[in-house]
Amino acid sequence: MNSEPIAGNSSEPIALDQAFASFDALWSPRIVASVNDYDVRVTKVEGTHVWHVHDDTDEFFLVLGGELHIDLREPAGERRVTLPQGSVFTVPRGIEHRPYAPRGARILLFEPTGTLTVGDRHEEVPDHVDATTGHALNA
């Protein structure tokens, strides 16, 4: 069997199935690569995150497995976006949002290095949400 590396920022390909298999924590992204000044993060999610906003950056979501919902508080009012597997969506900077996955999902995020998972402003962070800028893949 081919043993592909799963360490982020490597000069070798990253096997995403192996990356996801290397951790169990929910809402706790792992950095699988860096592109210029951006992190490529993967995370397992289930249940509800927190309402939060990124003042200075957009947030890109790619659903690799399962289904992700994102509630948005936009100037025109609140709405919900549903992202089935294979879908992408970008939350614009300054828009308050709350991701959740009632049955679990695996997602890939593309964000500037150092971006907190709970944004610049957020409600109280529950114990099941990791307020982090991302973890090394093998951490």
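Pairing each heavy atom of Pro84 with each of Thr82, the nearest pair is CD-O, 3.5 Å. Closest approach of Gly114 to Asp39, counting heavy atoms only: N-OD2, 4.0 Å. The two residues Gly94 and Val53 come nearest to each other via the heavy atoms C-CG2, 3.3 Å. The two residues Ile107 and Phe20 make their nearest non-hydrogen contact at O-CZ, 3.9 Å. Nearest heavy-atom pair, Thr117 versus Pro29, reported as atom, atom and distance to 0.1 Å: CG2-CG, 3.5 Å.
Contact of the Val91 side chain with the Phe61 side chain is registered, since non-hydrogen atoms from C-beta on lie closer than 4.5 Å. By the 4.5 Å heavy-atom criterion applied to side chains, Thr48 and Pro102 are not counted as neighbours.
Proximity of a side-chain donor or acceptor of Thr113 to a complementary backbone N or O of Asp37 within less than 3.5 Å is detected. Looking at Arg106, its side chain never comes within 3.5 Å of a backbone N or O of Leu64 through a donor-acceptor pair. Remark: the backbone N or O of Lys44 is not paired with any side-chain donor or acceptor of Trp27 at under 3.5 angstrom. For Arg30 (side chain) and Ser28 (main-chain N/O), a donor-acceptor pair under 3.5 Å exists by modelled atom type.
Residue pairs meeting the ring pair (Phe, Tyr, Trp, His ring centres under 6.0 Å) criterion with at least one partner in residues 64-98, sequence neighbours excluded, are His52-His97, His54-His97, His69-Tyr100. Pairs of residues two or more places apart, or lying in two chains, that qualify as salt bridge (Lys or Arg N to Asp or Glu O under 4.0 Å) and include a residue from residues 60-70 are Glu67-Arg103.
Within the model, atoms OG1 of Thr115 and CZ of Phe110 stand 10.5 Å from one another, a figure rounded to the nearest 0.5 Å. We find the CD1-CD1 distance between Ile31 and Ile14 to be 12.0 Å, quoted to the nearest 0.5 Å. Remark: Thr90 OG1 to Glu59 CD distance equals 9.5 Å, nearest 0.5 Å. In this structure, the separation between CG on Leu68 and CD on Glu46 is 12.0 Å, given to the nearest 0.5 Å. Taken from CG in Asp71 to CZ in Arg98, the straight-line distance is 4.5 Å, to the nearest 0.5 Å. Rounding to the nearest 0.5 angstrom, the gap separating the CG atom in Leu116 from the OG1 atom in Thr57 is 12.0 Å.
Contacts of Tyr38 classified as side chain to side chain donor-acceptor pair (under 3.5 Å), with partners at least two apart in sequence or in another chain: none.
Under 4.0 Å is where a charged nitrogen must lie from a carboxylate oxygen, and between Arg93 and Asp58 at least one such pair does.
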